[in-house]
There are 2 protein chains.
Amino acid sequence: MKGFLNFLILWLISKEKMTGAEIAVELEKRKGHKPSPGTIYPVLKELKDKGLLSMDDNKRYSLTKQGKKELEIGLNTFFETFCDIDEMRSCCKK
Amino acid sequence: MKGFLNFLILWLISKEKMTGAEIAVELEKRKGHKPSPGTIYPVLKELKDKGLLSMDDNKRYSLTKQGKKELEIGLNTFFETFCDIDEMRSCCKK
DNA sequence: AAGAAAGTATCGGAAATCCGATACATTTAT
DNA sequence: ATAAATGTATCGGATTTCCGATACTTTCTT
């Protein structure tokens, strides 16, 4: 997995097919900041070129088999990095 | 909060006082990659200059009051960004 | 006490990340 | 059917992030 955004986008798409615009809106909701077109589309292109994403007729992206595999790798390192995530949460919730 | 590494370092230090070297080792354990001196020390300096960290006589860093506040902000956006983290975990565990 | 080893710090530059401008395509509204 | 609005895509460049080299300091070994 390369970047933070790549990982997050893979995760979002794994939950449901999305267009670039939809992804941008969702990222704004979550992070509080909408990525510019110059950010989002190159990332999507990169992921597609790597064979992690495929696009349907309505320009909605979904994960390929390889994309799912890559996401799983990303999830693993994510939870290794944040191995104490429950502690983080309880620390946050007060 | 600025970068990913800054956030992670704040979190680590919040759990226990650490030196730069100790932080580097812990990051290697978690992410599988040890940051170089040229990465870790400038970050620590930046956080110290911003008043988020203080250093004791043994060069161990700990969070200042402001650092704790900043960490809390970071934790909040973290869990907003990964609002479906339980889903991520269950997806990972198979 | 002297040398070796490990830790700390800084610097310049490579690479990654992200943006705003621009152009083009598609959809929506009139 | 035309215009407006929205979405998609690309490009150049600004910024951020990170590294490896180097130098210095501190700690350990003998």
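First the proteins, then the strands, lettered A, B, ... as listed; each starts at 1.
- Every residue two or more places apart in sequence or in another chain that forms a salt bridge (charged side-chain N to carboxylate O under 4.0 Å, His left out) with B:Lys29 is listed here: B:Glu26.
- The phosphate of C:dC18 has neither OP1 nor OP2 within less than 4.0 Å of any side-chain N or O from A:Ser36.
- Residues passing the side chain to side chain contact (heavy atoms under 4.5 Å, CB included) test with B:Asp49 are B:Lys45, sequence neighbours excluded.
- Straight-line distance from the CD1 atom of B:Ile23 to the C1' atom of C:dA9: 14 Å, rounded to whole Å.
- Atom pair B:Lys45:NZ and D:dT17:P shows a separation of 16 Å (rounding to whole Å applied).
- Among residues two or more places apart in sequence or in another chain, the side-chain hydrogen bond (donor to acceptor under 3.5 Å, both in side chains) test is passed with B:Glu87 by A:Lys15.
- Residue-level contact check: A:Leu44 touches neither bases nor backbone, having no heavy atom under 4.0 Å from any strand.
- Note: CG (B:Asp56) to C1' (C:dG7) measures 15 Å, nearest angstrom.
- In this view, B:Glu22 and B:Arg60 satisfy the salt bridge (charged side-chain N to carboxylate O under 4.0 Å, His left out) rule, not counting sequence neighbours.
- Judged as a side chain to side chain contact (heavy atoms under 4.5 Å, CB included), and not counting sequence neighbours, A:Glu80 has no contacts.
- A:Ser36 is linked by a side chain to side chain contact (heavy atoms under 4.5 Å, CB included) to A:Thr39, counting only residues two or more places apart in sequence or in another chain.
- C:dC11 atom P lies 15 Å from atom CD of B:Glu46, rounded to whole Å.
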Pairs: protein N or O with nucleotides 3-5 of chain C N or O, under 3.5 Å:
none

Using nucleotides 5-8 of chain D, report all nitrogen or oxygen pairs with the protein that are shorter than 3.5 Å.
residue: D:dT8; atom: OP2; partner: A:Ala21; partner atom: N; Å: 2.7
residue: D:dT8; atom: OP2; partner: A:Tyr41; partner atom: OH; Å: 2.7
residue: D:dT8; atom: O5'; partner: A:Tyr41; partner atom: OH; Å: 3.2
residue: D:dT8; atom: O3'; partner: A:Lys59; partner atom: NZ; Å: 3.4

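- If you measure from atom NZ of B:Lys31 to atom P of D:dT17, you get 12 Å, rounded to the nearest angstrom.
- Take A:Lys34 and apply the side chain to side chain contact (heavy atoms under 4.5 Å, CB included) test, not counting sequence neighbours, and it matches A:Ala24, A:Val25, A:Glu28.
- The nearest whole Å value for the distance from the CZ atom in B:Phe4 to the C1' atom in D:dC18 is 15 Å.
- Remark: A:Ile73 CD1 to A:Lys68 NZ distance equals 15.0 Å, nearest 0.5 Å.
- Atom-to-atom, CG of B:Asp57 to C1' of C:dT8 comes out at 16 Å; the value is rounded to the nearest Å.
- For A:Lys17, the side-chain hydrogen bond (donor to acceptor under 3.5 Å, both in side chains) partners two or more places apart in sequence, or in a different chain, are A:Asp56.
- Qualifying ring-ring contact (aromatic ring centres under 6.0 Å, His included) partners for B:Tyr41, counting only residues two or more places apart in sequence or in other chains: none.
- Aromatic rings of A:Phe82 and B:Phe4 (six-membered ring for Trp) have centroids within the 6.0 Å cut-off, being under it.
- Rounded to a whole Å, the CG atom of A:Leu53 is 12 Å from the P atom of D:dA9.
- Using a 4.0 Å heavy-atom cutoff across all strands shown, B:Leu5 reaches sugar-phosphate atoms only and no base atom.
- Residue contacts shown for B:Pro42 include a base, since a base heavy atom lies under 4.0 Å away.
- Applying the 4.0 Å criterion to OP1 and OP2 of D:dC19, one finds that B:His33 has a side-chain N or O inside that range.
- Inter-axis angle, ends of the helix from C:dA1-D:dT30 to C:dT30-D:dA1, five pairs per end, rounded to 10 degrees: 30°.
- Residues A:Leu71 and A:Leu52 are not in side-chain contact: their nearest non-hydrogen atoms beyond the backbone lie 4.5 Å or more apart.
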